[in-house]
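A note on names: the letters A, B, ... follow the listed sequences, proteins ahead of strands, and every chain is numbered from 1.
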Protein chains: 2
Amino acid sequence: MVEFRPSQALKLLHDLSFAMVRDGEPDLSARQLTILLTIYLEPPPHTVRGLAAKLGVTKPVITRALDTMGRIGLLSRRRDDADRRNVVVQRTVKGALFVERLGDMLMAKAKDLPL
Amino acid sequence: MVEFRPSQALKLLHDLSFAMVRDGEPDLSARQLTILLTIYLEPPPHTVRGLAAKLGVTKPVITRALDTMGRIGLLSRRRDDADRRNVVVQRTVKGALFVERLGDMLMAKAKDLPL
DNA sequence: ATAGAACAATACGCCTCCGAAACGAATTCC
DNA sequence: GGAATTCGTTTCGGAGGCGTATTGTTCTAT
């Protein structure tokens, strides 16, 4: 349970996104970030179709986001051997580090918030 | 002062971005979101040059972001009468509501976090 | 075996975005 | 008043994203 005022919450969000921009982190869109966090926070397996259904977007949106984030190493893809129509999204070390850094930055910013 | 564990912070971030995607909010990039929050959280005036310097990006990045977010009504621009080379970014009702909704969503998600 | 369904990827035309460079307008400096 | 500076925008070629529709592959049902 976390106590928050809206202005504090917004400042936290601003500080985080600001730090991401200043530090030259990849300029992810809300969709891309959501996909990334879903993959790293929710239990696998994650498929293109499953992600599309969960986020309420079309499958090409997922495919393209996986293309882009895969290109910069934040995740990878593997064909599902049980059903070779499926593609399973896999976590990578780089992606895990990126998400972890995000969490640490959030923590650090939250600690600086005035009560 | 806010108590946080990294996993909680990440879940909060995920829940927020997830809600934005599901609700069909504009798919803002980290840069765009940072610009928007800077305009609405920090005291005016905000100029193209000032925002570019603060975020560490080039001026065309700011111009384009203002183009896009202005097109959907989240902000507007006005020529500075004192020095007509400058452009002053202005808040809009729609933008203020959008940012306010963001804060409310963050609050609501934070309340649901397990201790 | 073959028709149908399900899956991810691709093609299409259009729009946004990128960094670097050039631009026009406004101001400041001598 | 003329040159230099400052400001925001625009241009350029190239890259990525969009939604819709289609493709190729794989599985399922008959």
Side-chain angles (χ1 to χ4, degrees), chain A residues 17 20-36 38-39 44-91 95 98, chain B residues 17 20-36 38-39 44-91 95 98:
Chain A
S17 64
M20 289 178 62
V21 172
R22 285 257 27 162
D23 296 358
E25 306 276 7
D27 186 33
L28 300 182
S29 70
R31 286 177 170 191
Q32 292 172 327
L33 180 64
T34 305
I35 293 169
L36 189 72
T38 299
I39 291 165
H46 299 286
T47 65
V48 172
R49 165 166 169 68
L51 290 167
K54 178 169 302 200
L55 301 197
V57 299
T58 60
K59 284 188 292 181
V61 166
I62 305 296
T63 294
R64 283 187 289 253
L66 297 183
D67 286 344
T68 302
M69 292 191 289
R71 205 175 296 125
I72 56 180
L74 295 181
L75 49 85
S76 71
R77 278 184 273 202
R78 193 195 72 217
R79 211 89 214 178
D80 180 1
D81 283 328
D83 184 340
R84 301 184 40 74
R85 289 172 301 182
N86 291 338
V87 160
V88 177
V89 183
Q90 294 187 290
R91 302 170 185 171
F98 178 82
Chain B
S17 64
M20 288 177 62
V21 172
R22 283 252 37 151
D23 296 358
E25 307 275 8
D27 185 32
L28 300 182
S29 70
R31 286 176 169 191
Q32 292 171 328
L33 180 64
T34 305
I35 292 169
L36 190 71
T38 299
I39 290 165
H46 298 286
T47 64
V48 172
R49 164 168 170 68
L51 290 168
K54 179 169 302 198
L55 301 196
V57 298
T58 61
K59 286 188 294 178
V61 166
I62 304 296
T63 293
R64 283 188 289 253
L66 297 182
D67 285 345
T68 303
M69 291 191 288
R71 204 176 297 124
I72 56 181
L74 295 180
L75 50 83
S76 72
R77 279 185 273 202
R78 193 194 72 218
R79 212 87 216 182
D80 180 0
D81 284 328
D83 185 339
R84 299 182 42 73
R85 289 173 301 183
N86 290 339
V87 160
V88 177
V89 183
Q90 295 188 288
R91 302 170 184 172
F98 178 81

Respond yes when some side-chain nitrogen or oxygen of [X] is under 4.0 Å from OP1 or OP2 of [N], and no when none is.
{"X": "R77(B)", "N": "dT9(D)", "value": "yes"}
{"X": "T63(A)", "N": "dA9(C)", "value": "yes"}
{"X": "R78(B)", "N": "dG8(D)", "value": "no"}
{"X": "Q32(A)", "N": "dG17(D)", "value": "yes"}
{"X": "R49(B)", "N": "dC7(D)", "value": "yes"}
{"X": "T58(A)", "N": "dG19(D)", "value": "yes"}
{"X": "R71(B)", "N": "dT16(C)", "value": "yes"}

Evaluate the side-chain proximity of [Y] to [X]: yes if any heavy-atom separation is below 4.5 Å, no if none is.
{"X": "I72(B)", "Y": "F98(B)", "answer": "no"}
{"X": "M69(B)", "Y": "I35(B)", "answer": "yes"}
{"X": "Q32(A)", "Y": "T68(A)", "answer": "yes"}
{"X": "R31(B)", "Y": "L55(B)", "answer": "no"}
{"X": "R77(A)", "Y": "T63(A)", "answer": "yes"}

As a test of reading the structure: which of [options] is closest to the side chain of [X], going by heavy atoms?
{"X": "V48(B)", "options": "dC7(C), dC7(D), dT9(D)", "result": "dT9(D)"}
{"X": "V87(B)", "options": "dG8(D), dA8(C), dG17(D)", "result": "dG8(D)"}
{"X": "D27(A)", "options": "dT16(C), dC18(C), dT10(C)", "result": "dC18(C)"}

For atom [atom1] of [X] and atom [atom2] of [N], their distance in whole Å:
{"X": "L66(B)", "N": "dC17(C)", "atom1": "CG", "atom2": "P", "result": "11 Å"}
{"X": "R31(B)", "N": "dG16(D)", "atom1": "CZ", "atom2": "C1'", "result": "14 Å"}
{"X": "D67(B)", "N": "dT10(D)", "atom1": "CG", "atom2": "P", "result": "7 Å"}
{"X": "K59(A)", "N": "dC7(C)", "atom1": "NZ", "atom2": "P", "result": "6 Å"}
{"X": "R64(A)", "N": "dC15(C)", "atom1": "CZ", "atom2": "P", "result": "16 Å"}
{"X": "Q90(A)", "N": "dA8(C)", "atom1": "CD", "atom2": "P", "result": "14 Å"}
{"X": "H46(A)", "N": "dC7(C)", "atom1": "NE2", "atom2": "P", "result": "17 Å"}
{"X": "L28(B)", "N": "dC18(D)", "atom1": "CG", "atom2": "P", "result": "13 Å"}

Is it true that a side-chain atom of R79(A) and a backbone atom of V87(A) form a donor plus acceptor pair closer than 3.5 Å?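 Pair absent, no side-chain N/O of R79(A) close to backbone of V87(A).
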
Looking at V88(A), is its backbone amide N or carbonyl O close enough to the side chain of T47(A) to form a donor-acceptor pair, meaning the two atoms are under 3.5 Å apart?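 Absent.
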
Which part of the nucleic acid, if any, lies within contact of T47(A), taking any heavy atom under 4.0 Å across all strands shown: a base, the sugar-phosphate backbone alone, or nothing?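 The residue T47(A) makes sugar-phosphate contact but no base contact.
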
Heavy-atom protein contacts under 4.0 Å, nucleotides 24-30 of chain D, coded B base, S sugar-phosphate only, - none: --BS---

If you assign each of A65(B) and P60(B) to its closest nucleotide in DNA chain C, which residue comes earlier from the 5' end?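 The residue closer to the strand's 5' end, by nearest nucleotide, is A65(B).
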
Please indicate whether R91(A) has more than 12 foreign heavy atoms, meaning atoms of other residues, nucleotides or ligands, lying under 6.0 Å from its CZ.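 Counting other residues, nucleotides and ligands, CZ of R91(A) exceeds 12 neighbours.
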
